[in-house]
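Count residues from 1 along the sequence.
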Amino acid sequence: MKRLLIFTIAMACALSVAAQKFNFNKNCVVAHRGAWKEKGIPQNSLASWREAVRLGCHGSECDVHITADDSLVVFHNLTHHGVVIKDATYAELVKFPLQNGEKIPTFREYLAEVKKQNTTKLVVDVKTMISDEYSLHLSREIIRAIREMDAMEWCEFLGSNIKALQYIQKETGRRVAYLGKWREELPDMYPDKVLENGFTAVDYQNIFYFAHPEWIKTFKKRGIHLNAWTINKDEDMDWFIKRKFDYITTDYPAKLLKKLNYKAK
(Lines give C-alpha, C1' and ligand atoms only; values in the text may rest on other atoms or scores of the structure.)
Protein backbone atom coordinates (compact mmCIF):
# COMPACT_ATOMS: atom_id res chain seq x y z
CA MET A 1 0.00 0.00 0.00
CA LYS A 2 2.82 2.36 0.92
CA ARG A 3 4.64 1.60 -2.34
CA LEU A 4 1.45 2.27 -4.30
CA LEU A 5 1.02 5.61 -2.55
CA ILE A 6 4.63 6.60 -3.30
CA PHE A 7 4.21 5.57 -6.93
CA THR A 8 0.98 7.57 -7.23
CA ILE A 9 2.60 10.67 -5.75
CA ALA A 10 5.62 10.28 -8.03
CA MET A 11 3.38 9.98 -11.09
CA ALA A 12 1.38 13.03 -10.04
CA CYS A 13 4.58 15.03 -9.64
CA ALA A 14 5.83 13.90 -13.03
CA LEU A 15 2.57 14.90 -14.69
CA SER A 16 2.67 18.26 -12.92
CA VAL A 17 6.20 18.93 -14.18
CA ALA A 18 5.17 17.93 -17.71
CA ALA A 19 2.19 20.25 -17.54
CA GLN A 20 4.40 23.15 -16.46
CA LYS A 21 7.00 22.54 -19.15
CA PHE A 22 5.15 24.47 -21.82
CA ASN A 23 3.99 28.04 -21.45
CA PHE A 24 2.87 28.93 -24.97
CA ASN A 25 2.11 32.58 -25.60
CA LYS A 26 -1.60 33.32 -25.23
CA ASN A 27 -2.37 35.16 -28.43
CA CYS A 28 -3.67 34.29 -31.90
CA VAL A 29 -0.60 35.37 -33.86
CA VAL A 30 1.16 32.93 -36.19
CA ALA A 31 4.18 34.30 -38.01
CA HIS A 32 4.00 33.31 -41.68
CA ARG A 33 7.28 31.56 -42.62
CA GLY A 34 8.71 33.02 -39.44
CA ALA A 35 8.89 36.72 -38.58
CA TRP A 36 10.82 37.81 -41.66
CA LYS A 37 9.23 40.71 -43.51
CA GLU A 38 9.39 43.47 -40.93
CA LYS A 39 13.16 43.15 -40.52
CA GLY A 40 14.13 41.83 -43.95
CA ILE A 41 15.11 38.38 -42.67
CA PRO A 42 14.97 35.40 -45.08
CA GLN A 43 11.72 33.45 -44.94
CA ASN A 44 11.83 30.09 -43.16
CA SER A 45 15.33 30.78 -41.89
CA LEU A 46 16.39 30.00 -38.34
CA ALA A 47 16.72 33.76 -37.88
CA SER A 48 13.05 34.26 -38.82
CA TRP A 49 12.05 31.58 -36.30
CA ARG A 50 14.10 33.25 -33.55
CA GLU A 51 12.49 36.60 -34.33
CA ALA A 52 9.00 35.08 -34.02
CA VAL A 53 9.98 33.72 -30.60
CA ARG A 54 11.46 37.06 -29.55
CA LEU A 55 8.28 38.90 -30.52
CA GLY A 56 6.13 36.53 -28.48
CA CYS A 57 4.11 34.91 -31.27
CA HIS A 58 1.94 31.99 -30.26
CA GLY A 59 3.11 30.13 -33.35
CA SER A 60 5.45 30.32 -36.29
CA GLU A 61 4.71 28.53 -39.54
CA CYS A 62 7.33 26.78 -41.64
CA ASP A 63 7.24 24.89 -44.95
CA VAL A 64 8.80 21.44 -45.24
CA HIS A 65 9.92 19.60 -48.39
CA ILE A 66 11.85 16.39 -48.98
CA THR A 67 14.83 16.13 -51.32
CA ALA A 68 15.88 13.36 -53.70
CA ASP A 69 18.17 11.97 -50.98
CA ASP A 70 15.38 12.03 -48.36
CA SER A 71 16.58 15.13 -46.55
CA LEU A 72 13.81 17.20 -45.00
CA VAL A 73 14.38 20.91 -45.62
CA VAL A 74 12.59 24.07 -44.51
CA PHE A 75 11.87 26.26 -47.52
CA HIS A 76 8.77 27.67 -49.20
CA ASN A 77 9.20 27.48 -52.97
CA LEU A 78 9.46 24.28 -54.99
CA THR A 79 12.77 25.50 -56.43
CA HIS A 80 15.88 27.21 -55.03
CA HIS A 81 18.07 29.13 -57.49
CA GLY A 82 16.44 27.17 -60.29
CA VAL A 83 17.06 23.81 -58.61
CA VAL A 84 13.93 21.68 -58.08
CA ILE A 85 14.04 20.70 -54.42
CA LYS A 86 12.41 17.28 -54.73
CA ASP A 87 14.88 16.33 -57.49
CA ALA A 88 17.99 17.69 -55.80
CA THR A 89 20.28 16.42 -53.05
CA TYR A 90 20.73 18.50 -49.93
CA ALA A 91 24.38 19.01 -50.90
CA GLU A 92 23.23 20.66 -54.12
CA LEU A 93 20.85 22.99 -52.29
CA VAL A 94 23.35 24.29 -49.73
CA LYS A 95 25.56 25.60 -52.51
CA PHE A 96 23.18 28.56 -52.56
CA PRO A 97 23.00 30.27 -49.14
CA LEU A 98 20.10 32.42 -48.00
CA GLN A 99 20.44 36.20 -48.10
CA ASN A 100 21.70 36.38 -44.52
CA GLY A 101 24.37 33.74 -45.16
CA GLU A 102 22.45 30.87 -43.59
CA LYS A 103 22.14 27.66 -45.53
CA ILE A 104 18.69 26.21 -46.11
CA PRO A 105 17.97 24.62 -42.71
CA THR A 106 17.14 20.98 -42.40
CA PHE A 107 13.92 20.22 -40.57
CA ARG A 108 15.87 18.54 -37.80
CA GLU A 109 17.99 21.67 -37.35
CA TYR A 110 14.77 23.64 -37.13
CA LEU A 111 13.34 21.29 -34.52
CA ALA A 112 16.51 21.53 -32.46
CA GLU A 113 16.09 25.31 -32.41
CA VAL A 114 12.38 25.04 -31.60
CA LYS A 115 13.12 22.89 -28.56
CA LYS A 116 15.30 25.59 -27.00
CA GLN A 117 12.16 27.43 -25.84
CA ASN A 118 8.65 26.66 -24.61
CA THR A 119 6.57 29.70 -25.60
CA THR A 120 6.10 29.49 -29.39
CA LYS A 121 4.62 26.56 -31.31
CA LEU A 122 5.88 25.33 -34.66
CA VAL A 123 3.11 25.11 -37.26
CA VAL A 124 4.36 22.71 -39.93
CA ASP A 125 3.07 23.24 -43.46
CA VAL A 126 3.48 19.89 -45.19
CA LYS A 127 4.13 20.88 -48.82
CA THR A 128 1.83 18.33 -50.37
CA MET A 129 0.86 19.73 -53.76
CA ILE A 130 2.71 17.22 -55.94
CA SER A 131 0.98 13.81 -55.59
CA ASP A 132 -0.61 11.54 -52.99
CA GLU A 133 2.46 9.29 -53.04
CA TYR A 134 4.87 12.16 -52.49
CA SER A 135 2.61 13.71 -49.84
CA LEU A 136 2.34 10.52 -47.79
CA HIS A 137 6.09 9.87 -48.03
CA LEU A 138 6.82 13.42 -46.92
CA SER A 139 4.32 13.15 -44.07
CA ARG A 140 5.83 9.89 -42.80
CA GLU A 141 9.33 11.36 -42.82
CA ILE A 142 8.19 14.51 -41.03
CA ILE A 143 6.54 12.48 -38.27
CA ARG A 144 9.61 10.23 -38.06
CA ALA A 145 11.89 13.27 -37.60
CA ILE A 146 9.65 14.84 -34.96
CA ARG A 147 9.51 11.60 -32.99
CA GLU A 148 13.26 11.06 -33.23
CA MET A 149 13.77 14.62 -31.96
CA ASP A 150 11.11 14.16 -29.25
CA ALA A 151 9.52 17.40 -30.43
CA MET A 152 5.86 16.48 -30.90
CA GLU A 153 4.60 18.70 -28.07
CA TRP A 154 5.77 21.80 -29.96
CA CYS A 155 4.16 20.90 -33.28
CA GLU A 156 0.90 21.43 -35.12
CA PHE A 157 0.29 20.73 -38.80
CA LEU A 158 -1.44 22.06 -41.88
CA GLY A 159 -1.58 21.12 -45.53
CA SER A 160 -3.72 20.61 -48.61
CA ASN A 161 -3.51 16.88 -49.30
CA ILE A 162 -6.41 15.23 -47.50
CA LYS A 163 -4.90 11.72 -47.35
CA ALA A 164 -1.64 13.05 -45.93
CA LEU A 165 -3.43 15.16 -43.33
CA GLN A 166 -5.63 12.27 -42.27
CA TYR A 167 -2.51 10.15 -41.85
CA ILE A 168 -0.83 12.82 -39.71
CA GLN A 169 -3.93 13.30 -37.57
CA LYS A 170 -4.25 9.56 -36.94
CA GLU A 171 -0.54 9.13 -36.20
CA THR A 172 -0.02 12.12 -33.93
CA GLY A 173 -3.28 13.21 -32.37
CA ARG A 174 -2.04 16.79 -32.81
CA ARG A 175 -3.99 19.64 -34.37
CA VAL A 176 -4.09 19.28 -38.16
CA ALA A 177 -5.64 22.03 -40.30
CA TYR A 178 -6.98 21.61 -43.80
CA LEU A 179 -5.67 24.33 -46.09
CA GLY A 180 -7.78 23.97 -49.21
CA LYS A 181 -6.21 25.54 -52.27
CA TRP A 182 -4.77 28.94 -53.08
CA ARG A 183 -7.40 31.15 -54.72
CA GLU A 184 -9.50 28.15 -55.81
CA GLU A 185 -12.59 27.13 -53.89
CA LEU A 186 -12.86 23.36 -53.49
CA PRO A 187 -15.89 21.27 -52.43
CA ASP A 188 -13.80 19.81 -49.58
CA MET A 189 -13.55 23.27 -48.02
CA TYR A 190 -17.26 23.39 -47.16
CA PRO A 191 -18.15 22.75 -43.50
CA ASP A 192 -19.96 19.45 -44.11
CA LYS A 193 -17.00 18.03 -46.06
CA VAL A 194 -14.52 19.19 -43.41
CA LEU A 195 -16.53 17.29 -40.82
CA GLU A 196 -16.85 14.27 -43.12
CA ASN A 197 -13.09 14.18 -43.64
CA GLY A 198 -12.55 14.21 -39.88
CA PHE A 199 -10.69 17.50 -39.51
CA THR A 200 -10.99 19.67 -36.40
CA ALA A 201 -9.21 22.71 -37.85
CA VAL A 202 -9.17 24.74 -41.06
CA ASP A 203 -6.64 27.27 -42.31
CA TYR A 204 -8.13 29.10 -45.29
CA GLN A 205 -6.97 32.05 -47.32
CA ASN A 206 -8.77 35.23 -46.27
CA ILE A 207 -10.77 35.51 -49.51
CA PHE A 208 -12.79 32.39 -48.71
CA TYR A 209 -13.91 33.73 -45.33
CA PHE A 210 -14.87 37.02 -46.97
CA ALA A 211 -16.88 35.12 -49.60
CA HIS A 212 -18.50 32.79 -47.03
CA PRO A 213 -18.85 34.58 -43.69
CA GLU A 214 -21.57 32.06 -42.83
CA TRP A 215 -18.89 29.37 -42.66
CA ILE A 216 -17.37 31.03 -39.61
CA LYS A 217 -20.47 30.59 -37.47
CA THR A 218 -20.93 27.02 -38.68
CA PHE A 219 -17.31 26.07 -38.02
CA LYS A 220 -17.42 27.61 -34.54
CA LYS A 221 -20.65 25.80 -33.72
CA ARG A 222 -18.99 22.53 -34.68
CA GLY A 223 -15.87 23.24 -32.62
CA ILE A 224 -13.58 23.70 -35.62
CA HIS A 225 -10.36 25.59 -34.87
CA LEU A 226 -10.16 28.61 -37.22
CA ASN A 227 -7.04 30.00 -38.84
CA ALA A 228 -6.77 32.54 -41.65
CA TRP A 229 -3.89 33.53 -43.94
CA THR A 230 -2.12 35.66 -44.98
CA ILE A 231 -3.57 38.60 -43.05
CA ASN A 232 -1.39 41.66 -43.70
CA LYS A 233 -3.70 44.67 -44.14
CA ASP A 234 -4.84 46.60 -41.07
CA GLU A 235 -8.51 46.33 -42.01
CA ASP A 236 -8.18 42.58 -42.54
CA MET A 237 -6.48 42.14 -39.18
CA ASP A 238 -9.33 44.04 -37.55
CA TRP A 239 -11.91 41.88 -39.40
CA PHE A 240 -10.47 38.60 -38.10
CA ILE A 241 -9.77 39.95 -34.61
CA LYS A 242 -13.41 41.06 -34.36
CA ARG A 243 -14.55 37.56 -35.29
CA LYS A 244 -12.26 36.00 -32.69
CA PHE A 245 -10.30 33.67 -34.91
CA ASP A 246 -8.15 31.16 -33.06
CA TYR A 247 -5.11 31.86 -35.25
CA ILE A 248 -4.30 34.72 -37.59
CA THR A 249 -1.32 34.04 -39.83
CA THR A 250 0.55 37.13 -40.98
CA ASP A 251 3.76 38.45 -42.54
CA TYR A 252 3.55 41.30 -40.01
CA PRO A 253 3.40 39.66 -36.59
CA ALA A 254 4.80 42.67 -34.74
CA LYS A 255 2.01 44.86 -36.12
CA LEU A 256 -0.67 42.32 -35.22
CA LEU A 257 0.70 41.84 -31.71
CA LYS A 258 0.63 45.62 -31.26
CA LYS A 259 -3.03 45.69 -32.32
CA LEU A 260 -3.72 43.04 -29.68
CA ASN A 261 -1.77 45.00 -27.04
CA TYR A 262 0.25 41.85 -26.45
CA LYS A 263 3.72 42.05 -24.94
CA ALA A 264 6.18 39.18 -24.86
CA LYS A 265 6.89 37.60 -21.50
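M152 and V176 end up in the same hydrophobic cluster when Ile, Leu, Val, Met, Phe, Trp and Tyr side chains are linked at under 4.5 Å. Residues L55 and I248 are members of one and the same hydrophobic cluster, defined by side-chain heavy-atom contacts under 4.5 angstrom among Ile, Leu, Val, Met, Phe, Trp and Tyr. V53 and Y252 end up in the same hydrophobic cluster when Ile, Leu, Val, Met, Phe, Trp and Tyr side chains are linked at under 4.5 Å. Note: the hydrophobic cluster containing Y262 also contains F22 (ILVMFWY, side chain heavy atoms under 4.5 Å, direct or indirect links). Both F24 and L111 sit in one connected hydrophobic cluster of ILVMFWY residues. Membership requires side-chain heavy atoms under 4.5 Å apart, directly or through other members.
In this structure a side-chain-to-backbone donor-acceptor pair under 3.5 Å is missing from N44 to V74. Under the 3.5 Å distance criterion, the side-chain polar atoms of Q205 are matched with a main-chain donor or acceptor of R183. The backbone N or O of N232 lies less than 3.5 Å from no partner atom in the side chain of D236, so there is not a single donor-acceptor pair. Remark: side-chain polar atoms of Y90 are paired, donor with acceptor, to backbone N or O of I104 under 3.5 angstrom. A donor-acceptor contact shorter than 3.5 Å links the side chain of N100 to the backbone of E102.
In terms of heavy atoms, I224 sits closest to F199 at CD1-O, 3.4 Å. Of all non-hydrogen atoms in L136 and A164, the two that sit nearest each other are CD2-CA, 3.9 Å. For the pair C57 and N25, the tightest heavy-atom approach, listed with the atom from each and the gap, is O-ND2, 3.0 Å. Taking all atoms of both residues into account, the shortest heavy-atom contact from T120 to S60 is CG2-N, 3.9 Å.
Residues that satisfy the side-chain hydrogen bond (donor to acceptor under 3.5 Å, both in side chains) test with E148, not counting sequence neighbours, are R108. In this view, H212 and E185, E214 satisfy the side-chain hydrogen bond (donor to acceptor under 3.5 Å, both in side chains) rule, not counting sequence neighbours.
Of the options Y204, W215, Y178, a ring-ring contact (aromatic ring centres under 6.0 Å, His included) to Y190 is made by W215 and by none of the others. A side-chain contact (heavy atoms from CB on, under 4.5 Å) with P105 is found for exactly one of Y110, W49, F75, namely Y110. Of the residues Q43, H32, R33, the one that meets the side chain to side chain donor-acceptor pair (under 3.5 Å) test with H76 is R33.
There is no side-chain donor-acceptor pair under 3.5 Å between E61 and Y247.
A salt bridge links R50 to E113: one of the charged nitrogens lies within less than 4.0 Å of a carboxylate oxygen. Between D234 and K259 there is a salt bridge, since at least one side-chain N of the basic residue sits less than 4.0 Å from a carboxylate O of the acidic one. Under 4.0 Å is where a charged nitrogen must lie from a carboxylate oxygen, and between K220 and D246 no such pair does.
Cation-pi geometry between R174 and F157 is not satisfied (NZ or CZ under 6.0 Å from the ring centre, within 45° of the ring normal).
Checked against the 6.0 Å centroid criterion, the rings of W239 and F210 qualify as a close aromatic pair.
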